[in-house]
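Report on the structure given below.
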Amino acid sequence: MGPAPTGEQLCGAIGEPEVMEPALEGTGKEGKKASSRKRTLAEPPAKGLLQPVKLSRAELYKEPTNEELNHLRETEILFHSSLLRLQVEELLKEVRLSEKKKDRIDAFLREVNQRVVRVPSVPETELTDQAWLPAGVRVPLHQVPYAVKGCFRFLPPAQVTVVGSYLLGTCIRPDINVDVALTMPREILQDKDGLNQRYFRKRALYLAHLAHHLAQDPLFGSVCFSYTNGCHLKPSLLLRPRGKDERLVTVRLHPCPPPDFFRPCRLLPTKNNVRSAWYRGQSPAGDGSPEPPTPHYNTWVLQDTALESHLQLLSTMLGSAQGLKDGVALLKVWLRQRELDKGQGGFTGFLVSMLVVFLVSTHKIHTTMSGYQVLRSVLQFLATTDLTVNGISLCLSSDPSLPALADFHQAFSVVFLDSSGRLNLCADVTASTYHQVQYEARLSMTLLDSRADDGFQLLLMTPKPMIRAFDHVLHLHPLSRLQAACHRLKLWPELQDNGGDYVSAALGPLTTLLEQGLGTRLKLLAHSRPPVPEWGISQDPPKHKDSGSLTLGLLLRPEGLTSVLELGPEADQPEAAKFRQFWGFRSELRRFQDGAIREAVVWEAASMSQKRLIPHQVVTHLLALHTDIPETCVHYVGGPLDALIQGLKQTSSTGEEALAVAVCCYDDLSRLLWGLEGLPLTVSAVQGAHPVLRYTEVFPPTPVRPASSFYEPLQERSSLLPRLDKPCPAYVEPMTVVCHLEGSGQWPQDAEAVQRVRAAFQLRLAELLTQQHGLQCCATATHTDVLKDGFVFRIRVAYQREPQILKEVQSPEGMISLRDTPASLHLERDTRQLPLLTSALHGLQQQHPAFSGVARLAKRWVRAQLLGEDFTDESLDLVAAALFLHPEPFTPPSSPQVGFLRFLYLVSTFDWKNNPLIVNLNNELTVEEQVEIRSGFLAARTQLPVMVIVTPQDRKHSVWTQDGPSAQILQQLVVLAAEALPMLEKQLMDPRGPGDIRTVFRPPLDIYDVLIRLSPRHIPRHRQAVDSPAASFCRGLLSQPGPSSLMPVLGYDPPQLYLMQLREAFGDLALFFYDQHGGEVIGVLWKPTSFQPQPFKASSTKGRMVMSRGGELVMVPNVEAILEDFAVLGEGLVQTVEARSERWTV
Amino acid sequence: MVARRRKRAARDPEDCIPSPPGYAAIPIKFSEKQQASHYLYVRAHGVRQGTKSTWPQKRTLFVLNVPPYCTEESLSRLLSSCGLVQSVELQEKPDLAESPKESRSKFFHPKPVPGFQVAYVVFQKPSGVSAALALKGPLLVSTESHPVKSGIHKWISDYADSVPDPEALRVEVDTFMEAYDQKIAEEEAKAKEEEGVPDEEGWVKVTRRGRRPVLPRTEAASLRVLERERRKRARKELLNFYAWQHRESKMEHLAQLRKKFEEDKQRIELLRAQRKFRPY
């Protein structure tokens, strides 16, 4: 599905001034303004907005009909809920083929049949003599070695049968494939054709001749070759109709041998059918060792013989049961969303169908079950059964001549035998793929059981591409390196078995090697399956190395990432040699504190971000050591985005350590506060309320050591002031800390008086901290700034009853009631909710070490898009927290990269209009409460802000999004995220390296009407810019602690001061956008309504002028004067004001 | 836009600047360097019959659209050419009453960032108003002799001003609290005096300070009482006891299901409209 903002959402394409249209119909903000109930009632329901359902009493309480009762009961038994039932029905409607299309496909198939049987035959020639083939067609097979015995002639197929999912009715859109089996006449084949690829050579020649004749037919839009299930010994021919039906269907022709041609006992997994003498051009080693078995080769031959019997089995089992077919279709969608069914060795729809048959035959599924129940049962089975250890079989007979399951386990990693008991259906599936399926099934089962969220949406509608599902991804490129790796790993028998496909041959050993090496750091390792190529009939089949790159996805275990040590056995143990052999020169003897001397590997990593990248070191080391794949061929994508949240000087850390230092300092301070003597009331609690204290500040604070020469000292107040003749000093933001005092009845009960008493406390606090601990303090009426170890904290004393005092309203009768006022809400938010949120997110960071990185990247991106001021810090932190608390269908991210991608996905696809984002901090909300919140949300939608984020502490109001964003800004963010996501994913999935990762962080500037360029001299955070400037100004900081202990300049940021003035003066006329992290430009967008002439009103003359237009006096903005005001208000800061006057007309 | 600019350039500046009826327009610029100017719309302050206004009639000039960089001092200076200015008051929006005279504490009510404001200028004599109405301008806010700070200069001086003076704050808090304590003490003394004394109709006021404290008269307290009552009643009620109760609860359940079903259908309809059921 991808991030596709649909319908109305799309109308605000980027680059059009309409984006900012403030009067979009039916948006939340608008609804809020139009809160007069009459208007909302009179208007037709807004488009795309859910309305609370109103049913009349008579409708609700009428007598139920039998039919209705049945329907309700069925829903209760067969489905989870009525919503799920409706959703499943809709989905099936969407993916199923319509009857009309079926008819067209049937007609096309009849045409194909007629043409195939009329292809002329050719006389018999040697297999190696291919001169008879016409010029325009190449044999769709790598004929290595070329020499092979046998003769070939073409005869029209003895039988043409449609096999596969099309007949069963379980094939799903969008790509409809119809498999057609062509039975080659017996005359073409000879005895011993199963040997040395002779059968496959004939099969390929058969197809080549067929292709040549069909390609000349005007019926077909395209005729090309591909591989059956990606097996490159088995080409197939793809036919597509010409004209408008080209996309409708792909017919795949598979030649197959006549029934009973091959003797099954020759094709057992223990038998050899590719002789070493032939394949490697040398006789088997002289010591008389037996020929290696060729299980995969045998299976491919067997598959061709069993096409029809499988179809029969499937149609007898699934034929009449609609529920089972629905289930198979759902499972196919499920696989497809997880990219499990594609490519060579994928877990195909055919395998799932057979699995359903297996479960029916073992009575785990009943034919009356619904599609949803089938889905559930299969997932349950997959989640609990490990086919890599305990294979299953559809074969019921106890014939002693049949091979044992153990033989199959010997030869294949995953075992699922068909009804003949000789063919392993999962022969091509690697252990990694199966484990991935199993893992996904397990995740899905927990999701279905949790019933909190919309399981359907997450399970079947959310795509899980590799880059978004796995924490780290690595590309092996170019693939030809794997050939050398095969030789290094001594995989000659496997190569012989796989017919030279070194990618498949190396895949298994490679993943095992890495799994073993990554050990406890790894939760799951998955590999991309080589895509199945398609090529024109006049071309040679693509080489193995052409199939792009091999991509491995690593799902990391966060707890394993903290260790830099790989502990081995004690030196005198026999396993030590093995350990040494595995790790090579990295293994060292080390003596540990408990006295043990052990083999160990130590990786270099100092910071959290480096520790996260230890898998990179492990992978490159092991690949170089064991498979000769050099570092240059391993493109590890784990931390390219880290650069954006790295500090200015330390490039080795992404700031978690610096944040921890600040938090540590805060802990010390709170201890000092608790132990403070001489306060009239003792301190009862100290709570942090600043992003730094919940690890989500984009750039962590560094200790300030001001250089005195850079500032104007104000000795009597022991503060420093900025100087006019110097560049703007470094930006220091005080960290807010809320300090609660013990309860007391002595507080006054009057709001003004409470303020004064609080101020007295602030003064006293400053005095005591200076006296008792020698800290530099500075008290104001509302807070006390404390300088401690170079960090500045802003302590706010809170009186817990103050919000209540502000709320009190006395009615004329003397009844005192509590009503929310803006002041009380504000105070409550700052002193109660903000500390709660901060501590909850601080806890989240302890649980998920990647949270900090994700939240900061997300915030960084939003701010870089110049939208940072419309979204509060807290709201973005909560969205990031949602990725960890509600990761379904993924698992909580363990790297900032994947977390950021999911943030973009969430932002671009979340339906804010109809859903609240529930962030269940500390798991405090029960399922029932969540349901209640959702229904309450629907009822109160028009009164709520555009973006609603619900937490356990804030269930109704969504305090952090009350003041913005507006619907247009949110829409703009959605559009930007939808553009950034595919771009970034493409960059990260590029095997040649991601290129310039900052592209998605650069904002589009062409949408703004006026650009105000600022002088870097007065931008204190200039160095934090996305494209960090090569040179910037000195900001008056020393690297060593200086003698001065005066209070540094706090919160002095000229661009912010400038913006505040601009918004105050021109907020009615224009919107201002700025990136607080070193942005050099302010984007100005005129509000579209502000240019409409208005009649004169004394209350709205701000910045406007009177003009006579058509004899009437109207008011229009005085644009020229305003543009000059921009420069006047920002004198010294503003470099130029670029008006793009072509973009607007007055 | 371009056309408009040309038109304006062509217009003689002495030519009457359009102004709304009853107002006169005076161009105002920050300094000489600026090309375009804002316009102050001025009028003699007058109110309709019957409304009260604390501004002196006839001597007060009402000024609209004062730019953000224009302070009270500079406005006073600019208009002093028309006559002696008694006071200038800048406000966010037109307000008939003069703001309370006692200055609000700068510690507890910091000054907001100025935008475009309105001003009430009171002259010593009524002639000042008529002179101001005839002003041609353009007025210059910042001149060589009286520079007005803006941009970096202004922010640095603002920052210097904002560095708090703890002593002044302490003094202010102390004086306020003294006055407050006195007020409270007086009120208490008065309440004590009145305690138990019946009023002219014979009612005695019961307060919390009496010997037997009573429930506070708050909404929360009354709600609490009601809730307690309701719970007590609910405990006594029998549920699902009579046949009709059974029937009704079943019907209620069915109605809930129906309602839910309708909601779900609506949701599905919406999702279908957004093509949210395409898994590709």
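Per chain, numbering begins at 1; letters A, B, ... match sequence-line order.
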Greatest number of heavy atom pairs closer than 4.5 Å to chain B - which of [options]:
options                           : result
A:A779, A:A760, A:A781            : A:A781
A:L714, A:D1068, A:L1050, A:L1062 : A:L1050
A:E767, A:M1047, A:R1063          : A:E767
A:M1060, A:R756, A:E808, A:E1064  : A:R756
A:L86, A:L91, A:D785, A:L1113     : A:L86
A:A1065, A:P174, A:A759           : A:P174

- line: Comparing B:F176, B:Y69, B:F261 against chain A, the one with the most heavy-atom pairs below 4.5 Å turns out to be B:F176
field: Choice from B:A220, B:S162, B:P164 maximising heavy atom contacts with chain A below 4.5 Å
entry: B:P164
[X] vs [Y] side-chain heavy atoms within contact, under 4.5 Å:
X       : Y       : result
A:L1133 : B:W155  : yes
A:P64   : B:R258  : yes
A:E90   : B:L271  : no
A:L1129 : B:P68   : yes
B:R272  : A:E94   : no
B:F30   : A:E1124 : no
A:V757  : B:Y180  : no
B:F116  : A:T1101 : no

Engaged part of [X] at the chain A interface, taking heavy atoms whose separation is under 4.5 Å:
X      : result
B:L257 : side chain
B:K149 : neither
B:M177 : side chain
B:Q256 : neither
B:P67  : neither

- prompt: Got a donor-acceptor contact below 3.5 angstrom from the B:D165 side chain to the A:R717 backbone?
  reply: no
query: Mind checking what makes side chain to side chain contact (heavy atoms under 4.5 Å, CB included) contact with A:E712, not counting sequence neighbours?
result: A:L721, A:R723
Return the minimal non-hydrogen interatomic distance between [X] and [Y], and the atom names on each side.
X      : Y       : answer
B:S37  : A:N1118 : O-ND2, 2.8 Å
A:L720 : B:Y159  : O-CE2, 3.8 Å
B:R170 : A:L763  : CA-CD1, 3.8 Å
B:N65  : A:R1104 : ND2-O, 3.2 Å

Below 4.5 Å from any heavy atom of chain B, which atoms of [X] appear? Answer side chain, backbone, both or neither.
X       : answer
A:R336  : side chain
A:Y1058 : both
A:V333  : side chain
A:I1122 : both
A:D750  : both
A:T780  : both

- line: Rounding to 0.5 Å, atoms CD (A:Q87) and CG (B:D264) come to a distance of 8.0 Å
field: CD on A:E1120 to CD on B:Q35, rounded to 0.5 Å
entry: 10.0 Å
message: Between A:D1125 and B:H38, does the side chain to side chain contact (heavy atoms under 4.5 Å, CB included) criterion hold? Intermediate values first, please.
response: CA-CA 9 Å; A:D1125 283 353; B:H38 280 291; 2.4 Å; yes
field: Positive for side chain to side chain donor-acceptor pair (under 3.5 Å) with A:E1131, one of B:S31, B:S150, B:S142
entry: B:S150
query: For A:E752, does the CD atom have more than 12 heavy-atom neighbours from other residues, nucleotides or ligands under 6.0 Å away?
result: yes
